[in-house]
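In what follows, chains are A, B, ... by sequence order, proteins preceding strands, each numbered from 1.
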Amino acid sequence: MSETLFELRGVSRNYRRGDSVVHAVDGIDLTVGAGEFIALEGPSGSGKSTLLQLLGALDRPDGGEIFFEGRPLHTLGDGALAELRLNAFGFVFQQFNLIQTLTALENVEAALAPHGLRGASLHARAHNLLDEVGLAARETHLPVHLSGGEQQRVAIARALANEPRVILADEPTGNLDSKTGSDVVDLLSGLGERHGTTIVVATHDAALAARAPRRVAMRDGSIIEAVPA
Amino acid sequence: MLDPPQTNIKTTPYTIGGVDQTQPDIGLVTRKQVTSGRYFTSGGEEALVATTYAAKEKLKVGSALNLNGTVFHVVGLVSPPLGGQTADVYLPLKQLQALAHQKGAANVILVRADKSSSVKQVKSEIAQRLQGAQVATAQDVADRVTGSLVDAAGLSHNLGLVLEIVVALAAFLLAALLTLSSVGKRVRELGTLKAIGWTQRLVVRQVVGESVAQGVLGAVAGVVLGILAAVLVGAFGPTLTASSSTGSADNLLGAAAVRTAHETLTLKAPLSVTIILLGLVLALAGGLLAGAAGGLRAARLRPAEALRRVE
């Protein structure tokens, strides 16, 4: 196995829903190597999205330990987690989460702005990223004027803006038809191969999961099956 | 059934005051209060008309005024001060006495004290010498005036002041509430920005920057609209009608006189640089504070929590 990127030990995350407590992630142990393409698969409510958010430092565990490149995400401060999200992680969401008032180019620039890029270099970098996902010709369009597949490509370009070591995609094909979804998966896996980026995809789509060299099946917050390539 | 008898008589009530024209500096109306034309030069058939009544009846200097068959010529328009007894038409006292068949009668005698400190004493002495007379100082009269121009002017001033405060507070609250509402609807968007690496500080700075920009635009639009509204009020402003309720039917020479005099005051919306600046500052402050508060609240959320928010 390649160099370890993530190491999870007994990680749990609970939510309070009314008077009851939901164990969204329940004592998970997992190791992810650099450059892997992993699918977290399971039905809605199985905990895959929560696990993805914990991996991407979007949330903190209630119990257990998460290490990324040896750094303990479970104890790092907000600033350090933001720095990791800025420099190490890229996110792709089911709803695309593009800012509706910004053009495709500006959405990508929004991810580059914290890196200090300005003016022509900012535009050029954002343009190149859109070109890489085949959307350079649509860069001046607002999200509302783009198809679902195009919006997801913009989101992928945005996720690539910081040259991340990991791309975390939560149901990236959930709002796309099968053909477009397949194209998006091809794009993600191709980018992973070209850039050596680790890709973790959460999906309930068995066909998409089947495209991943490594599959991790989840039910009720626990891993029930890990299928190595 | 036959039609009942009807009349088409129209009456126009007005007040007449008699003035001793030989004392042009003391009386119901003085020569200093003449706004156009001149004061009485003789005790002949001359009349002075209050500016408001003249405007209402379309009278001007040189107009003829037929009073009970006697034609008087309007020689001047006058604007008596606020708060005192007023009339619509002023005639030389003797002319009015003759017109009212009250020769030698006067029901109001105006007395001027040499100094204000002796007013009380003068009042007391007159009351002693003229038993049964109603003696009132200028202050008493002013105090008894209800619905007068004094009140109308005060009402207008106070109304304007209250409106300014209400509008300023409304601008502040509206700016703050709209900004908070706007930020509340953008929690998911702000969560996305945090997910892609924006720090809490950067998110707050972005929201505050947007709030200030919106505040500037809103304040400028508000000032333009406010100035426009003030100009419109000035052009088509409503008028307040004030009626003096002092005195009785006998006040201005008996039954021939009508008891109330009407004055009008046009409402104005005064503009000042201070008010405009205050409105600008409050609108900006509202947006700025609410932007900072809303931005900070949203930015403090964990990204995962913000992303779960449904817009």
Which donor-acceptor pairs under 3.5 Å do the side chains of residues 75-82 of chain A make with protein atoms, sequence neighbours left out?
unit_1: A:T75; atom_1: OG1; unit_2: A:P72; atom_2: O; d: 3.3
unit_1: A:D78; atom_1: OD1; unit_2: A:R60; atom_2: NH2; d: 3.0

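When the shell of 6.0 Å around NE2 of A:H74 is examined, it contains more than 12 heavy atoms from other residues, nucleotides or ligands. Around the CZ atom of A:R125, the shell of radius 6.0 Å holds more than 12 heavy atoms that belong to other residues, nucleotides or ligands. With a 6.0 Å radius and a threshold of 12 heavy atoms from other residues, nucleotides or ligands, A:R17 has its CZ atom at or below the threshold.
You'll find the side chain of B:I196 stays beyond 4.5 Å of the side chain of A:L86, heavy atoms only. Side-chain contact between B:E189 and A:Q100: absent, with no pair of heavy atoms (C-beta onward) separated by less than 4.5 Å. At a threshold of 4.5 Å between non-hydrogen side-chain atoms, the residues B:P303 and A:R85 count as touching.
The contact list for residues 198-212 of chain B toward chain A, using heavy atoms and a distance under 4.5 Å, reads B:W198, B:T199, B:L202 by residue number. Using non-hydrogen atoms only and a strict 4.5 Å limit, the part of residues 145-160 of chain A facing chain B consists of A:R158.
Only the side chain of A:Y15 comes within less than 4.5 Å of a heavy atom of chain B; its backbone N, CA, C and O stay farther away. Heavy-atom distances place the side chain of A:F93, and not its backbone, under 4.5 Å from chain B.
Legend: residues meeting side-chain hydrogen bond (donor to acceptor under 3.5 Å, both in side chains) with A:T173, ordered by chain and number and at least two apart, are absent.
When A:A110, A:G90, A:A88 are compared by the number of non-hydrogen pairs under 4.5 Å with chain B, A:A110 comes out ahead.
Atom CG of B:L307 sits about 8.5 Å away from atom CZ of A:F91, to the nearest 0.5 Å. To the nearest 0.5 Å, atoms CZ (B:R188) and CD (A:Q95) are separated by 5.0 Å.
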